[in-house]
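Position 1 is the first residue of the sequence, and the numbers go up from there. Because only heavy atoms are used, hydrogens play no part in the values below, and waters and symmetry mates are left out as well, while side chains stay in.
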Amino acid sequence: MNEAALLTALPPASRDRLLGLAREVSFPAGVRLFDEGEAAEVFWILRSGLVALDVHVPGRGSVVLETVGPGELLGWSWLFEPYQWHLGARTLEAVRAYEFDAGRVRAEIDGDPAFGLPLTRCVAAVAIGRRLRACRTRLLDLYAPYGAESDPAAGWPE
């Protein structure tokens, strides 16, 4: 799901309403935006730059699971209780983004289902669809025994 898909999936009035809740921000390369377990109080749609999504693995440190780039949604944990980040994020290069206050957007979603339903569906497509598949694939790359992806008997379920 990229910015165009996220924003064009909304009716024009809803898209304008969402963008009306945004503020433009920028971050230099190497900035830690959030860590696993922290409160998810904001989210972003990237306008430029790259952000690495990572997970802490005991004995290995932070492992990058996915990279988010221009036009993509950064953050979905703000929409689903307990509103805590499931991953961490660090800028790989300078980033410009639209930043949204999660509580304010949730209030708009709750107050107007015609606005909230399409937005929730788009965020869920990122969270449940693409990011979950990317995370699963990356973890299998890191930890699956050699040949496990082609041999279900190797102990890794489909």
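Ion pairing between Arg90 and Asp35 fails under the 4.0 Å rule for side-chain N and carboxylate O. The existence of a salt bridge linking Glu108 and Arg17 is confirmed by a sub-4.0 Å separation between a basic side-chain nitrogen and an acidic carboxylate oxygen.
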Go through it in stages, so that I can follow the logic: the residues are Phe43 and Asp101, the test is side-chain contact (heavy atoms from CB on, under 4.5 Å), and I'd like the CA-CA distance, side-chain angles, deciding distance and then a yes or no.
CA-CA 7 Å; Phe43 67 97; Asp101 176 280; over 6 Å; no
Is there a side-chain contact (heavy atoms from CB on, under 4.5 Å) between Phe34 and Val42? Walk through the geometry before answering.
CA-CA 10 Å; Phe34 54 85; Val42 296; over 6 Å; no
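Taking the side chain as every heavy atom from C-beta outward, Val68 and Leu46 approach each other to under 4.5 Å. By the 4.5 Å heavy-atom criterion applied to side chains, Leu79 and Thr120 are counted as neighbours. Side-chain contact between Asp54 and Val63 is absent, with no heavy-atom pair separated by less than 4.5 Å. Within the 4.5 Å cutoff, the side chain of Glu24 has no heavy atoms near those of the Glu99 side chain. You'll find the side chain of Val51 stays beyond 4.5 Å of the side chain of Phe27, heavy atoms only.
The distance from the CZ atom of Phe100 to the CG atom of Leu74 is 11.5 Å, given to the nearest 0.5 Å. Between atom CG of residue Leu21 and atom CZ of residue Arg104 there is a gap of 4.5 Å, rounded to the nearest 0.5 Å.
Panel note: side chain Ser62, backbone Val55; no donor-acceptor pair is recorded below 3.5 Å. With Thr67 contributing its side chain and Ala52 its backbone, the two residues share no donor-acceptor pair below 3.5 Å. A donor-acceptor pair is defined here as one N or O able to donate and one able to accept, closer than 3.5 Å; no such pair exists between the side chain of Ser26 and the backbone of Val95.
When every heavy atom of Gly49 is checked against every heavy atom of Glu93, the shortest pair comes out as CA-OE2, 3.4 Å. The two residues Ile109 and Gly116 have their closest heavy-atom pair at CG2-CA, 3.7 Å. In plain terms, the two heavy atoms of His56 and Glu36 that are nearest each other are N-OE2, 2.5 Å. Leu50 approaches Gly69 most closely through the heavy-atom pair CD2-CA, 3.7 Å. Pairing each heavy atom of Trp44 with each of Leu33, the nearest pair is CH2-CB, 4.3 Å. Of all heavy-atom pairs between Ser48 and Pro70, the closest is CA-CG, 4.0 Å.
In this structure, Arg106 is positioned above the aromatic face of Tyr83, its NZ or CZ under 6.0 Å from the six-membered ring centre and within 45° of the axis. In this structure, Arg23 forms no cation-pi arrangement with Tyr98, as its terminal cationic atom is not both closer than 6.0 Å to the ring centre and no more than 45° off the ring axis.
The hydrophobic clustering, which links ILVMFWY residues whose side-chain heavy atoms are closer than 4.5 Å, places Phe80 and Leu119 together. Hydrophobic cluster membership is shared by Val57 and Leu65, with clusters built from Ile, Leu, Val, Met, Phe, Trp and Tyr side chains linked at under 4.5 angstrom.
Of the N and O atoms on the side chains of Glu38 and Trp85, not one donor lies less than 3.5 Å from an acceptor on the other residue.
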